[in-house]
Protein chains: 2
Amino acid sequence: MHSHSPLNLSRLTAAANCTCFNLRKATRVVTQFFDEKLQPSGLLVNQFTLLVALEQAGSPTMKTLAQILVMDRTTLTRNLKPLLRQGLISVESGQDQRERIVTLTAAGQVALAKAFPLWEEAQQQVIEGLGKEQWQTLLSVLASTVSLMQRNVEIGG
Amino acid sequence: MHSHSPLNLSRLTAAANCTCFNLRKATRVVTQFFDEKLQPSGLLVNQFTLLVALEQAGSPTMKTLAQILVMDRTTLTRNLKPLLRQGLISVESGQDQRERIVTLTAAGQVALAKAFPLWEEAQQQVIEGLGKEQWQTLLSVLASTVSLMQRNVEIGG
DNA sequence: TTTAATTAAGTGTATATACATCTATCATGC
DNA sequence: GCATGATAGATGTATATACACTTAATTAAA
């Protein structure tokens, strides 16, 4: 038992509390839950939120949309592909020919309207399951975390 | 302004509070932060947590390891590939030839030992940034969320 | 005005994620 | 012993993520 790997218990318990691991784990199960709930709409939850962000932002550039979503520019490019293929969004050049203007199409608005009540039910189920107070706490701490990390990127990067 | 898309403001503000979207967003920024901190070790944070889980679990089967991590079996198979290629883990058949036993190699233990202080610094920085109390709240609510979702999967699936 | 620096976006590559399906092995009943 | 069902895992395919690098267009400098 002592021949290799001087097993450090405090190290192990510490790592089980890894902020990132626990966030990723929760994101996996919650994403699966929302994806399943949204299934009749044909949208995945990430796609749903992209459409919502577009309805909200109007016709932003890729850069602006990426900043709103706190999503890497190149990730956004890839994430928009399925929506573009399904005709739910359109992408056009702006005055500045470098910029791409992303817009929700009529079909995208229909898809969003169809998906919304499904999303609403999933969201409500999470809020009820956690209890409203704990749910609000979660949202609040997640917001703090994003702020903190963005500050760190600005300073450290 | 009224020709199409009867813009529903309550809908938009509701979706901005999407539990899943906010979790995914936080996971993106926190993952980037940890990955950057771990860079000198050559490990990504997800790979680091896989090695930690292996040191903790000993030599589990794929199924057991997937359950520990709350990770889809097929996701785990893919996630172990880079670690296997780097020689940080080994995968062998068990008594039951269907099972695959995953084990941390000596090289894996070395990589883990090298990565740990880097992880610890990142973790500490997050705890200090959020404040210990808020950080503990985060971990606690994430655990509740995972429990809740797992119960939902058992019932609904 | 021509050139250099800057900016917006896309591509190449690699990892992460998971559903549907397939393959191989084991256990069970006859 | 053999057929049948159950189980463990891998593969095919698609989406999600982001770094390094490239391309194209604009702006700033000379």
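Numbers restart at 1 for each chain; the letters A, B, ... are given by sequence-line order, proteins then strands.
Judged by distance alone, the side chains of B:Thr105 and B:Ser90 never bring a donor and an acceptor atom under 3.5 Å apart.
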Quiz prompt | Working for side-chain contact (heavy atoms from CB on, under 4.5 Å), residues A:Leu112 and A:Leu43 | solution = CA-CA 9 Å; A:Leu112 194 48; A:Leu43 293 174; 5.5 Å; no
Quiz item: Given B:Arg100 and B:Glu92, is the salt bridge (charged side-chain N to carboxylate O under 4.0 Å, His left out) satisfied, shown in steps?
Solution: CA-CA 5 Å; B:Arg100 303 274 175 219; B:Glu92 293 155 20; over 6 Å; no
Practice problem: For the pair A:Gln123 and A:Trp135, evaluate side-chain contact (heavy atoms from CB on, under 4.5 Å) and give the outcome as yes or no after the intermediate values. | Solution: CA-CA 10 Å; A:Gln123 173 83 344; A:Trp135 174 77; 3.3 Å; yes
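For the pair B:Gln32 and D:dA18, the criterion of a side-chain N or O lying under 4.0 Å from OP1 or OP2 is met. Using a 4.0 Å cut-off, no side-chain N or O of A:Asn79 falls inside it from OP1 or OP2 of D:dT15. The side chain of B:Asn46 contributes no N or O atom lying less than 4.0 Å from OP1 or OP2 of C:dT15.
Contact annotation: the side chain of B:Pro60 never approaches that of B:Ile101 to less than 4.5 Å [non-hydrogen atoms, C-beta and beyond]. The shortest side-chain heavy-atom distance between A:Gln67 and A:Arg73 does not fall under the 4.5 Å cut-off. When side chains are defined from C-beta on, B:Phe21 counts as touching A:Leu69, because their heavy atoms get closer than 4.5 Å.
Summarising the geometry, the separation between CD on B:Glu92 and P on C:dT25 is reported as 17 Å, rounded to the nearest angstrom. Across the protein-nucleic acid pair, B:Met71 atom CE and D:dG9 atom C1' stand 16 Å apart, rounded to whole Å. Here the P atom of nucleotide C:dC19 and the CD atom of A:Glu36 are 9 Å apart, to the nearest Å. Rounded to an integer number of Å, the gap from CZ of B:Phe33 to P of D:dC19 is 14 Å. Remark: C1' of D:dA8 and CG of B:Leu80 are 14 Å apart, rounded to the nearest angstrom. The CG-P distance, from A:Leu23 to C:dT17, rounds to 12 Å in whole Å. Atom-to-atom, CD of B:Gln47 to C1' of C:dT17 comes out at 14 Å; the value is rounded to the nearest Å. For the pair B:Phe34 CZ and D:dC19 P, the computed distance is 16 Å after rounding to whole Å.
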Mind listing the N/O atom pairs, protein and nucleotides 1-5 of chain C, below 3.5 Å?
none

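Nearest-nucleotide assignment on DNA chain D puts the 5′-proximal partner with A:Asp72, out of A:Asp72 and A:Asp96. Between B:Leu44 and B:Thr75, it is B:Leu44 whose nearest contact on DNA chain C lies nearer the 5' terminus.
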Quiz item: Could you run down nucleotides 9-14 of chain C 5' to 3' and tag each one B, S or - for protein heavy-atom contact under 4.0 Å?
Solution: BBBBB-
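The ring-ring contact (aromatic ring centres under 6.0 Å, His included) pairs that include a residue from residues 46-103 of chain A are A:Phe48-A:Trp119, where partners are two or more places apart or lie in different chains.
Using a 4.0 Å heavy-atom distance criterion, B:Gln95 is classed as a sugar-phosphate-only contact.
For the side-chain contact (heavy atoms from CB on, under 4.5 Å) test with B:Gln47, the passing option among B:Leu80, B:Leu38, B:Leu83 is B:Leu83; the others fail.
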